[in-house]
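The structure under discussion appears below in the form of C-alpha cells.
Remember, it's 1-based here, ligands and their atoms both numbered in the order they're listed. Every heavy atom of this structure was used, including side-chain atoms; hydrogens, water molecules and symmetry mates were not. Only a predicted model underlies this, so the values are computations on that prediction, with no experimental measurement involved.
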Amino acid sequence: MYSAAEQRDLFDLSKKMLYTPQADLFGENAGQRAEDLRRVIRYHEWRYYVQNDPVLSDFEYDQLYKQLEAIEEAFPEFITPDSPTLRVGKDLTESFVQVAHLTPMLSLDNSYDAEDLNDFDEQVKKLCKLPKDVDVEYCVEPKFDGGTIVLVYENDLFVRAATRGNGQMGDEISANIRTLRTVPLQAAFSKRGIFRVELRGEALIKKDIFEKINKKRQEAGEPLFANPRNAATGGLRMKDPRETASRGLEAFLYQLGYAVDNQDNNLLEKFETHDESIHLLRELGFKVPVHRPEPGNHLEETKTCRNIAEVITFCQAWQDFRDEYPYEIDGMVIKVNSLELQSRCGYTSHHPRWAIAFKFKARQATTRLRDVEFQVGKTGAITPVAKLEPVPLAGVTVQNVSLHNEEFIRSKDLRIGDQVLVERAGDVIPYIVKSLPELRDGTEREVVYPKHCPVCHSELVKPEEEAIWRCENAECEAQVVQRMIFHTSKHAMDIEGLGESTIERFYKLGWLHSIADLYRLDYEKVAQLEGFGEKSAANMKAGIEKAKSNPIHRLLHSLSVHHLGQKASKLLAAEIDHVLDLAGWDLEKYQTIKDVGPVLARNVFHFFHNEHNVELLQTMESLGVNLRQTDEDKKTDVNTDGPLYGKSILFTGTLSQMTREEAEKRAAAAGASLASGVSKHLSILVVGEKAGSKLKKAQALGTVEVWSEGEFLVQISESSAE
Ligand code: IVH
C-alpha cells in the first residue's frame with residue numbers, strides 16, 4: 001500500500017504540519033494544506049486501523065485532524081467528498097432505503113468435519129472435469145461472525161454501502177459505514193482500469209471492546225447485547241452515525257464481487273485467482289485477512305492450501321486457536337482459488353459451488369432454567385443468577401449464569417421452568433440469549449424479585465442512579481464474608497494460603513467477624529482442623545504476616561468502599577501519611593484530587609466518618625497491620641494521562657537508542673505498567689535487535705501489538721514533550 005519511502009515522507013510531513021502555528025493554517029496555501037492534511041490523516045488512519053500499528057500518538061493525530069477541520073470550516077470550498085472529516089455526518093437516517101446489489105449476495109453451504117470437506121473437494125473436481133488425483137488449490141479464511149456489508153466504489157470514491165438484506169436488496173447504510181476508519185473513502189481502483197466495484201465483507205467488533213460496551217450498558221441499566229455479532233449488526237443500523245462510530249466497528253473485506261470499466265466491461269476475468277483480488281484490496285488500503293509474514297508457530301488469517309488435506313489441517317488448527325483470536329468467528333470459509341475453476345463450478349440458487357463454510361462446534365444450546373438465586377456482593381449489590389440444568393457448551397459444563405439485574409430478566413421475559421438459549425462465545429462469559437416461550441406448558445413461574453435481602457432479610461433499596469438493588473446492611477453476613485474474601489484477594493492484600501472456602505469455613509466456625517480477625521487467628525487451632533496441619537497453618541501465617549506490611553494503597557483498596565478501585569486508592573495513598581488522616585477530611589477535600597468524582601468522594605467520606613470503620617482500622621493497626629504511607633505509596637507511579645496508560649508493556653532484544661532501564665522508566669512515565677512476560681494480558685511488546693522467543697510467542701498470540709524501538713519513541717513523545 002505505502003512504500004517505505006512514502007511512509008517516511010508522510011511521517012516527516014505529519015511532524016512538520018504538527019508544528020504549524022495556527023495562524024499559518026489559513027494563508028494562501030490553505031487549499032494545498034488541506035490536501036496534504038487529508039493525505040497524512042489517511043495514512044495514519046491506515047496505520048492505526050488497518051495495520052494496527054500506529055506511528056503517531058492519538059494526541060498528535062487529533063491535532064492534525066483538528067487542523068483539517070479548521071481549514072474546512074473556514075473554506076468550505078476545499079472540502080472533498082473523500083475527506084476524513086466527513087466520516088461522521090450529522091444527519092439522522094429516518095428509515096433505511098433499500099438498494100439492489102450489483103450481483104446477488106448468496107449464502108454458503110456448510111460442512112462440519114473432514115469427511116464433508118473431502119466430499120466437497122470431490123464434487124469440485126467433478127464439476128471442473130478434473131481427474132481425481134489432481135490437487136485443487138483452496139484459499140481458507142475465517143468465517144467472520146458480524147454483520148455482512150456490501151460496498152460500492154465508483155471513480156475511486158466510496159459511494160454506497162448496504163447490508164446483505166435478502167441477498168438481492170439490502171438496506172442502505174452508507175452514512176454509518178463512512179464512520180468506520182477501516183473503510184477507505186477513496187481507493188485507486190482506476191490504476192487497474194476499474195470504474196465501478198462491489199466489495200463484500202463483514203463488520204466486526206473486537207471481543208474485548210464488546211465486553212466493555214456491555215459493561216457500560218450494564219452500569220447504565222441498558223439491555224445487554226447477547227454477543228459481538230448482535231452489537232455489530234445493531235451498530236450498522238443505527239439512525240445516528242455517531243452511535244455507529246462509538247461502537248468501534250471494523251470492516252474485513254473478503255470478496256471482490258463485481259468490477260467493470262467505464263464501458264461496463266467485466267474486469268473480474270482479469271484476475272486469475274481469489275488471492276490476487278484480495279491482494280489488490282490490501283494494496284488499496286482495505287483490511288483483509290492476511291497471510292502473516294512470519295511462518296512458524298502461529299496461525300495466519302488466511303492460507304492458500306495446495307490441496308484439501310492442507311485445508312483440513314488448517315481448519316482444525318483454527319478450531320483450537322479460535323478463542324485466542326480477537327474477533328468472533330464461527331468457522332472457516334474455503335474457496336477455490338482459481339477464478340477460472342470457480343466459474344466452471346458455478347452456483348446453485350442458494351450458494352456458490354466453489355465455496356463452503358466449515359462450521360466450528362456449536363456454542364449455543366438450549367436448557368431449562370431451574371431456578372433463580374439472588375447473590376449478595378461485597379458492597380451489597382444483589383445479582384440474580386440463573387440455575388440451569390447443566391449443559392455442555394463448547395468444552396465446559398454451564399449451570400450458573402449471571403442475569404445481571406432486574407431489567408435483564410424483565411426484558412427477556414424469563415420464567416422459571418422455561419427452556420432458554422444459552423451462548424458461550426469463546427472466553428466471553430456465558431449468556432442467556434432468550435427464552436423460548438413457544439415451548440411453555442403453563443407450569444412456568446414468574447421470577448419474583450426479592451424485596452428483602454436473602455441473607456439478612458433487611459429491606460433492599462435501589463438508588464435512583466443505579467440499575468441494581470442493594471442490601472444496605474453493612475453487617476449483613478453475606479457482605480461481611482464477601483468483603484473478607486475480597487480483602488485477601490490478589491488485587492487487594494494478596495494473602496497467600498487463605499482462599500474463599502477457608503474464609504467461609506472459618507466464618508462458620510465463629511473465628512471471623514470482621515477483617516481484623518484475619519490478623520488474630522489462632523494458628524494452633526488452624527493446624528488441628530481437618531485438611532490443614534502444621535505446614536498449611538505455617539504457610540497461612542507467613543502469608544498473613546507478610547500482608548501486614550503492605551503499602552497502604554492496597555489496604556485502602558481492600559476495604560470494599562464502593563467505587564474505590566486500585567487507581568483511586570493509589571491516588572489517595574499518595575496524599576496521606578496515615579490511613580486515618582482520611583477521617584479528618586471533609587467532602588470538598590476529596591474532590592480536589594484529580595480523578596476522584598463526587599460519588600466516590602461521598603462513599604469514602606462516609607466510610608471514614610463511620611466510627612465502626614475507624615475502630616476496625618485502629619484494631620488492625622494494633623494487630624500489626626501497616627497504616628502508614630510507604631515509599632511505594634509516595635510514587636505517583638501511574639500517569640493516568642500518559643499515552644500508554646492502561647497498557648502493559650515489555651521490552652525484548654537489544655535496544656539501540658537507550659538502555660533497557662531507561663526504556664522501562666520512560667514507559668512507566670507514559671503510564672504503562674511493566675509486564676514480566678508474554679501472555680494474553682500483554683498489550684505491547686517493543687522489540688530491539690535479535691529479538692527471539694518472546695517475539696515469536698507474541699506473534700503466535702496475535703493479540704499483542706509489536707512495536708519497534710522507533711515506534712515506541714514516537715508513541716511516548718507526547719509525554720516527554722511535556
Ligand atoms: S464468502 C457468495 N467469506 O458468511 C458468498 N463469506 O453465507 C460469498 N462470511 O453472511 C461469501 N466470513 O457475510 C465469505 N470469509 C468469508 C466470510 C463470509 C463471513 C459471511 C457472509 C455471509 C455468510 C455467507
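- Minimum interatomic distance between Leu151 and Ala161 (heavy atoms only, all atoms of both residues): CD2-CB, 3.7 Å.
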- Message: With side chain to side chain contact (heavy atoms under 4.5 Å, CB included) as the criterion, how do Leu199 and Tyr258 come out once you've worked through the C-alpha distance, each side chain's angles and the decisive distance to 0.1 Å?
- Response: CA-CA 7 Å; Leu199 314 175; Tyr258 176 93; over 6 Å; no
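- Here the heavy atom of the protein found nearest to atom 4 (O) of ligand 1 is Lys143 NZ, 3.2 Å.
- Not a single heavy atom of Ala355 sits less than 4.0 Å from an atom of ligand 1.
- Summary of contacts: the protein heavy atom closest to atom 7 (O) of ligand 1 is Leu108 N, 3.0 Å.
- Remark: ligand 1 atoms within the under-4.0 Å shell around heavy atoms of Pro352 are 2 (C).
- The distance between the ring centers of Tyr325 and Trp318 falls below 6.0 angstrom.
- Considering only non-hydrogen protein atoms, atom 5 (C) of ligand 1 sits nearest to Leu106 O, 3.6 Å.
- The distance from ligand 1 to the heavy atoms of Ser107 drops below 4.0 Å at these ligand atoms: 7 (O).
- At least one heavy atom of Lys335 sits less than 4.0 Å from an atom of ligand 1.
- Checking only distances, Glu141 does come within under 3.5 Å of ligand 1, N or O to N or O.
- Stacking of Arg178 on the aromatic ring of Phe158 is not recorded, the 6.0 Å distance cut-off and the 45° axial limit not both being met.
- When the options Tyr254, Phe144, Phe252 are ranked by their closest heavy atom to atom 16 (C) of ligand 1, first place goes to Tyr254.
- Looking at Gln342, its side chain never comes within 3.5 Å of a backbone N or O of Ser338 through a donor-acceptor pair.
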- Task: Report the C-alpha separation of Leu117 and Asp113 in whole Å, then their side-chain angles, then the decisive distance to 0.1 Å, and conclude whether the side chain to side chain contact (heavy atoms under 4.5 Å, CB included) test is met.
- Result: CA-CA 7 Å; Leu117 287 174; Asp113 53 27; over 6 Å; no
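- Nearest protein heavy-atom contact of atom 10 (O) of ligand 1 is Thr148 OG1, 2.9 Å.
- In this structure, Arg322 is not positioned above the aromatic face of Phe360 in the sense of NZ or CZ being under 6.0 Å from the six-membered ring centre and within 45° of the axis.
- Applying the 4.0 Å criterion to heavy atoms of Pro142 picks out, from ligand 1, the atoms 12 (N), 15 (N), 16 (C).
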- ring-ring contact (aromatic ring centres under 6.0 Å, His included) assessment of Tyr2 paired with Tyr43: CA-CA 8 Å; Tyr2 290 98; Tyr43 166 65; 5.0 Å; yes
- Can you list the steps and then say if Phe195 with Glu154 is a side chain to side chain contact (heavy atoms under 4.5 Å, CB included)? CA-CA 6 Å; Phe195 170 70; Glu154 255 173 34; 4.3 Å; yes
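- Close contacts between ligand 1 and Glu202 involve ligand atoms 9 (N), 13 (O), 19 (C), 20 (C), 21 (C) [criterion: under 4.0 Å to a heavy atom].
- Among all non-hydrogen protein atoms, the one lying nearest atom 8 (C) of ligand 1 is Gln255 OE1, 3.6 Å.
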